[in-house]
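Before any comments, here is the structure.
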Amino acid sequence: MPSLEEKIRELEEEIRRTPYNKATQHHIGKLKAKLARLREEAERRSTAKGAGRGYAVRKSGDATVALVGFPSVGKSTLLNALTNAESEVGSYDFTTLEVVPGVLEYRGARIQLLDVPGLIRGASRGRGRGREVLSVIRSADLILMLIDVFNLEQYRVLVRELYQAGIRLDAEPPKVKITKKAQGGIRVSSTVPLKSITEETIKAILSEYRLHNAEVVLHEDLDEERFIDALAGNRVYIPSLVALNKIDLVGEEYLREAREKLGRDFVAISASTGAGIEELKERLYSTLGFIRVYMKPQRGEVDREEPLIVRRGTTVAEVCARLHRDFVERFRYAQVWGKSVRFPGQRVGLEHVLEDEDVLTIVVRK
Ligand SMILES: Nc1nc2c(ncn2[C@@H]2O[C@H](COP(=O)(O)OP(=O)(O)OP(=O)(O)O)[C@@H](O)[C@H]2O)c(=O)[nH]1
Ligand SMILES: [Mg+2]
């Protein structure tokens, strides 16, 4: 019997060989769904095997950033430049063999950075200790890709590696609703015109997932891969930033060309000279979407000195939980002045979502 790895390779090969067009999409969709399930299975097995060891790093701070990049791009040097950590720097590859955490304090936010061992080609297939590394990356709030200024092609490779591991960068989860039914077959409807997928493809994919009776509602036009994403259990959606390192070794003109070649926005830095490091901190802070919330005691003045730093989307309940362990239980109501309310001093409940620079008063039972 062929092993799981062999089956995965065979499927990858078959997908590569099959021409992609409207007539073959359902067949390719089926193969890709099969492949997605086998990869999930492989992942489950390796996590089960590796339980107890691996790179479990405790999350701390207000957000966690995974620093990824090829060996020797300068990840450890950057971690040392940004944080209080002391990660070993080497002039040879794979100096760092464990995940090294550091904390960056910036504008009141505590950002945990994880220097993870060099991602390499094939990591998502379990080569090296890649798979364990990937599990750390998957739980990050932001992925910072560090690229060597002389090896721009590293960017594409990293994106592909992450993609194969179920990590979707700078994307929202697919807007698809799938409801299992007891009978009636597959019913597909959509709220937008569908150009990228056929009903036949949808049915072929669902059948790979052993779904034969279900109602499917699509709220976006998507292709077979994104439809599989909606079904697969291991997809994560994480924002990313790119930093180009070692710019001390190149000139202005080279950088200008790099901007065109890379085809996406990046921060130009030198981890060893410190150039661009302040800009990078600023970009980390803004991409993570921190907001400031000023607390005001019920009958007192607003504390403008020390705002609470939280992520965008934070609710009153989350602020309560952070201030005191039984604030949520004793909560009566809150009052808000600022962008998230219609009028100053509006009363809100625990589910209310705060905005940057809101003033918040929490009233609890004694
Ligand atoms: N010129 C220059 N050299 C740098 C810069 N950043 C790092 N280096 C050098 O690049 C080499 C590798 O740096 P590390 O920080 O160890 O790289 P790493 O990505 O952590 O490497 P691994 O842990 O092996 O994956 C060292 O010799 C550093 O001194 C930079 O901005 N400019
Ligand atoms: Mg290192």
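One-based numbering, in listed order, for ligands and for the atoms of each. These figures come from a predicted structure and were not determined experimentally.
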Could you list which atoms of ligand 1 come closer than 4.0 Å to a heavy atom of S76? 15 (O), 18 (P), 20 (O)
Number the atoms of ligand 1 from 1 as they appear, then name those within less than 4.0 Å of a heavy atom of A271, with their elements. 6 (N), 31 (O)
May I ask you to decide if the ring planes of Y285 and Y106 are parallel, tilted or perpendicular, using 30° and 60° as cut-offs? perpendicular
Take atom CZ in R156; do more than 12 heavy atoms of anything else shown fall under 6.0 Å from it? no
Please check if the side chain of R235 supplies one atom and the backbone of A230 the other of a donor-acceptor pair under 3.5 Å. no
Does E224 form a side-chain hydrogen bond (donor to acceptor under 3.5 Å, both in side chains) with T201? I'd like the steps, not just the answer. CA-CA 7 Å; E224 75 284 356; T201 303; over 6 Å; no
Answer with yes or no whether the hydrophobic clustering places F70 together with F150; edges join I, L, V, M, F, W, Y residues whose side-chain heavy atoms lie under 4.5 Å apart. yes
Is it the case that atom CZ in R347 sees more than 12 heavy atoms from other parts of the structure closer than 6.0 Å? no
Do any N/O atoms on I269 end up under 3.5 angstrom from N/O atoms on ligand 1? no
For the Mg ion (ligand 2), decide whether S76 has an N, O or S atom at a distance under 2.8 Å. yes
So is D115 polar-close to ligand 1, meaning N/O to N/O under 3.5 Å? no
Any G69 heavy atom less than 4.0 Å to ligand 1: no
Relative to ligand 1, is T273 under 4.0 angstrom through side chain, backbone, both or neither, heavy atoms considered? neither
Region of N245 that comes within reach of ligand 1 [heavy atoms, distance under 4.0 Å]: side chain
Test item: R264 and D170 side chains (from C-beta on) under 4.5 Å apart, heavy atoms: yes
Are there more than 12 heavy atoms of other residues, nucleotides or ligands under 6.0 Å from atom CD of E252? no
With a heavy-atom distance limit of 4.0 Å, tell me whether T77 approaches ligand 1 through its side chain, its backbone, both, or neither. both
N or O contact, V73 vs ligand 1, cut-off under 3.5 Å: yes
With atoms numbered from 1 as shown, which atoms in ligand 1 lie under 4.0 angstrom from a non-hydrogen atom of L249? 1 (N)
Quick one: which ligand 1 atoms are inside 4.0 Å of a heavy atom on D248? 1 (N), 2 (C), 30 (C), 31 (O), 32 (N)
